[in-house]
Amino acid sequence: MSPTSAIRVRFAPSPTGIFHVGGARSALFNWVMAAQSGGTLVLRIEDTDASRNSPEWTEGIIRALAWLGMDGEQYEGPYFQSANADKHAEAAQTLKDKGRAYYCDCTREAVIARTGDQHKGYDGFCRDRGLEPGPGRALRFRTPDDGQTTVVDLLRGKPVFENAVLEDFVIARADGSVTFLLANAVDDMSQGITHVVRGEEHLSNAPKQQLLWEALGGEPPVWAHVPVIVNEKRQKLSKRRDKVALEAYRDEGYLAEAMRNYLMLLGWAPSGDREIVPWDVIVDEFRIDDVNTSPAFFDEKKLRAFNGEYIRALPLQKFVAECLPFLQDAPFDVDVAVFAELAPLAQTRVALLSEIVQMIDFAFLDEPPSDEQSWAKAMKEPAAAILAAAEAAYQDAPWNAAELKDRLERIGTEHGLKLGKTQAPVRVAVTGRTVGLPLFESLEILGRDRTVARIAAARARLAAQA
């Protein structure tokens, strides 16, 4: 494909209740291809399967695409496959009238009984029986007995399929509804689709769909079957086993920019020794024929690291804005002005936006959060003496981070301790945990009264335990 030739690519997801990260990658590949050529991305919802069709699921697809950056300005549609039912039925009848399809009443059990092989495909038993439409009779496409079907694939060259091994496949069910294969071909033809980018699991369907295009008098599209996405065990990602829903990552606090960048790298790499690159660079450099055909590993740890990098790169006001939806759902009230003071301390320490709640909760709770493991670790001798000295030192200290640190350092020196050991009981007394935001900056924002009160409360608890 030349990056300067306008094309029409389609992204055609099925409503399934979740938006799979593999589908998100295909959507991005299609979007970039269209953008590079000045072409058009066509969004079509494959909603003909009533058992897998729900308006809420369709809305979920639209919202997921919008989160990735694809709103209605970036694509044509959405079109709904169900709206083309009349065209599908007309195409099925055309194929029947041309002798390219025939009715069949064979059950799977009957085929197995005839062939003696449960893995063998349909044996063509009804090809010449001349059956008419009727209950239990599906319409099958008559594949050529000989010759080859060549699929032009931008990633895989020109795979060749022997027609003799392609079974006569069903294009319309006994109830008259057409199958995925025919519906897709008809819709692609009617919408002028020139390129189809999809997962490699659909490669085996390509020769069948190509035969349908040719039988209906159309020129097949150019295909690109991108590599399957696998987990750490090199198993294909499965919604029954793996975390694959794009919505789940969004709700955990992944940034759309980070997710877009990462998904584009599942099978492709930008120039140079870099992975985190601006979107405009990706759009400029991406070439579908440079995509590797090897399985692409979805590494959640790497994605998390990507997200941390993107979070740290946000302007502070943008970081605050991105955090607010998560703080609105927190089990405590958040003073936005106070959070804005804490935000610079937190921005360098969170990899997911959802982590912000636990990172700053100490500043908005009446008492520090309870973490018994942290308490047990920090409140060992000479914790009581350090807390007593800190309470006294902080009563009249100038209330700024530098002075608070200096006074605690002097207390540590008196006990022969480095600052890290000295600040541990103070940190747990005030914030409830052994790790968190920079301590002295946090104390400055929390204020003298609350800080001293929490240190005193920790001393009292220690005394009661003695």
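Just so it is clear, the model here is predicted, and its values are computed rather than measured. One is the number of the first residue; the rest follow in order along the sequence.
- To the nearest 0.5 angstrom, Phe125 atom CZ is 9.0 Å from Cys104 atom SG.
- In this structure, Leu314 and Gln347 approach most closely via the heavy-atom pair O-NE2, 2.8 Å.
- Inter-residue side-chain proximity for Met70 and Leu43 is flagged as unmet; no heavy-atom pair is nearer than 4.5 Å.
- Here the CD1-CG distance, from Ile61 to Leu246, works out to 11.5 Å after rounding to the nearest 0.5 Å.
- Between Asn184 and Gln81, the side chains place a donor N or O and an acceptor N or O closer than 3.5 Å (distance only, hydrogens not considered).
- With a 4.5 Å cut-off on side-chain heavy atoms, Asp145 and Asn163 do not count as touching.
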Exercise. Evaluate salt bridge (charged side-chain N to carboxylate O under 4.0 Å, His left out) for Asp242 paired with Lys236, printing each intermediate quantity in order.
Key: CA-CA 9 Å; Asp242 305 301; Lys236 180 183 174 183; over 6 Å; no
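- A 6.0 Å sphere centred on CD of Glu367 holds no more than 12 heavy atoms belonging to other residues, nucleotides or ligands.
- In this structure, CD1 on Ile282 lies 9.0 Å from CG on Leu28, to the nearest 0.5 angstrom.
- Geometrically, Arg433 does not engage Phe362 in a cation-pi contact, judged by NZ or CZ lying under 6.0 Å from the ring centre and within 45° of the ring axis.
- Under the rule for a side-chain contact (heavy atoms from CB on, under 4.5 Å), the partners of Pro344 that lie at least two apart in sequence or sit in another chain are Leu316.
- Within the 4.5 Å cutoff, no side-chain heavy atoms of Val222 are placed close to those of Thr194.
- With a 4.5 Å cut-off on side-chain heavy atoms, Val9 and Thr40 do not count as touching.
- Between Glu322 and Leu255, some side-chain heavy-atom pair lies under the 4.5 Å cut-off.
- Taking both residues in full, the closest heavy atoms of Ile276 and Asn261 are given as CA-OD1, 3.3 Å, listed atom of the first, atom of the second, then distance.
- Using a 4.0 Å cut-off between charged side-chain N and carboxylate O, Asp187 and Arg10 make no salt bridge.
- For Glu90 and Lys87, the salt-bridge test fails: no basic side-chain N is under 4.0 Å from an acidic carboxylate O.
- Evaluation of the ring-ring contact (aromatic ring centres under 6.0 Å, His included) test over residues 238-273, restricted to residues two or more places apart or in two chains, returns Tyr249-Tyr254, Tyr249-Phe298, Tyr262-Phe298, Tyr262-Phe306, Trp268-Phe286.
- Using modelled atom types, no side-chain atom of Glu232 and backbone atom of Asp299 make a donor-acceptor pair closer than 3.5 Å.
- Using modelled atom types, no side-chain atom of Lys239 and backbone atom of Val244 make a donor-acceptor pair closer than 3.5 Å.
- Applying the side chain to side chain donor-acceptor pair (under 3.5 Å) test to pairs two or more places apart or on separate chains, those with a residue in residues 130-144 are Thr143-Asp168.
- Taking each heavy atom of Ala258 and Leu303 in turn, the nearest pair found is O-CD1, 4.3 Å.
- We find that Glu257 and Lys318 are not joined by a salt bridge, their nearest charged nitrogen and carboxylate oxygen being 4.0 Å or further apart.
- Residue Glu247 qualifies as enclosed at atom CD: its count of foreign heavy atoms under 6.0 Å is above 12.
- For residues 308-327, no pair satisfies ring-ring contact (aromatic ring centres under 6.0 Å, His included), with sequence neighbours left out.
- By the 4.5 Å heavy-atom criterion applied to side chains, Pro221 and His195 are not counted as neighbours.
- Leu154 and Asp289 make their closest contact through O-CB, 3.4 Å (heavy atoms, listed as atom of the first residue, atom of the second, distance).
- The distance from atom CD1 of Ile445 to atom CD of Glu341, rounded to the nearest 0.5 Å, is 5.0 Å.
- Note that the NE2 atom of His202 and the OG atom of Ser26 stand 8.0 Å from one another [nearest 0.5 Å].
- Atom CG of Asp280 has more than 12 neighbouring heavy atoms from other residues, nucleotides or ligands inside a 6.0 Å radius.
- For the ring-ring contact (aromatic ring centres under 6.0 Å, His included) condition, the pairs that include at least one residue of residues 128-177, sequence neighbours left out, are Phe141-Phe169.
- By the side-chain hydrogen bond (donor to acceptor under 3.5 Å, both in side chains) test, Asp251 is found to be paired with no residue, residues two or more places apart in sequence or in another chain being considered.
- More than 12 heavy atoms of other residues, nucleotides or ligands shown are found within 6.0 angstrom of CG on Asp335.
- Screening Glu200, Arg198, Arg156 for a side-chain hydrogen bond (donor to acceptor under 3.5 Å, both in side chains) involving His225 leaves a single residue, Arg198.
- Residue pairs meeting the ring-ring contact (aromatic ring centres under 6.0 Å, His included) criterion with at least one partner in residues 65-117, sequence neighbours excluded, are absent.
- Between the side chains of Asn205 and Gln209, no donor-acceptor pair is found at a separation under 3.5 Å.
- Shown here are the salt bridge (charged side-chain N to carboxylate O under 4.0 Å, His left out) partners of Arg63, two or more places apart in sequence or in another chain: there are none.
- Defined by atom type and a distance below 3.5 Å, a donor-acceptor pair is missing between the side-chain atoms of Gln191 and Arg8.
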Practice problem: Evaluate the criterion side chain to side chain contact (heavy atoms under 4.5 Å, CB included) for residue pair Asp188 and Arg44; output intermediate values, then yes/no. | Solution: CA-CA 10 Å; Asp188 284 347; Arg44 187 172 72 230; 3.0 Å; yes
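- Between Gln36 and Arg287 there is a side-chain heavy-atom pair separated by less than 4.5 Å.
- Scored by the side-chain contact (heavy atoms from CB on, under 4.5 Å) test, Glu214 finds Gln210, Leu211, Pro220 as partners (sequence neighbours excluded).
- Under the side-chain contact (heavy atoms from CB on, under 4.5 Å) criterion, Ala185 pairs with Leu212, Trp213, sequence neighbours left out.
- Lys377 NZ: 12 or fewer foreign heavy atoms inside a 6.0 Å radius.
- For Glu275 and Lys302, the salt-bridge test passes: some basic side-chain N is under 4.0 Å from an acidic carboxylate O.
- The heavy-atom pair separating Ser294 from Pro227 by the smallest distance is O-CB, 3.0 Å.
- Residues passing the side-chain contact (heavy atoms from CB on, under 4.5 Å) test with Asp175 are Arg173, Ser177, sequence neighbours excluded.
- Counting heavy atoms from C-beta on, the side chains of Leu131 and Asp105 come closer than 4.5 Å.
- Atom CD of Glu46 and atom OG1 of Thr58 lie 11.5 Å apart (nearest 0.5 Å).
- Between the side chain of Arg108 and the main chain of Gln118, a donor-acceptor pair closer than 3.5 Å is present.
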Return all side-chain donor-acceptor pairs below 3.5 angstrom for residues 349-360, not counting sequence neighbours, or 'none' if the list is empty.
residue: Arg349; atom: NH1; partner: Leu345; partner atom: O; Å: 3.2
residue: Ser354; atom: OG; partner: Glu252; partner atom: O; Å: 2.5
residue: Glu355; atom: OE1; partner: Ala351; partner atom: N; Å: 2.9
residue: Glu355; atom: OE1; partner: Leu352; partner atom: N; Å: 3.4
residue: Glu355; atom: OE2; partner: Arg304; partner atom: NH1; Å: 3.1
residue: Glu355; atom: OE2; partner: Arg304; partner atom: NH2; Å: 2.3

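- Among all heavy-atom pairs drawn from Ala91 and Leu182, the shortest one is CB-CD1, 4.4 Å.
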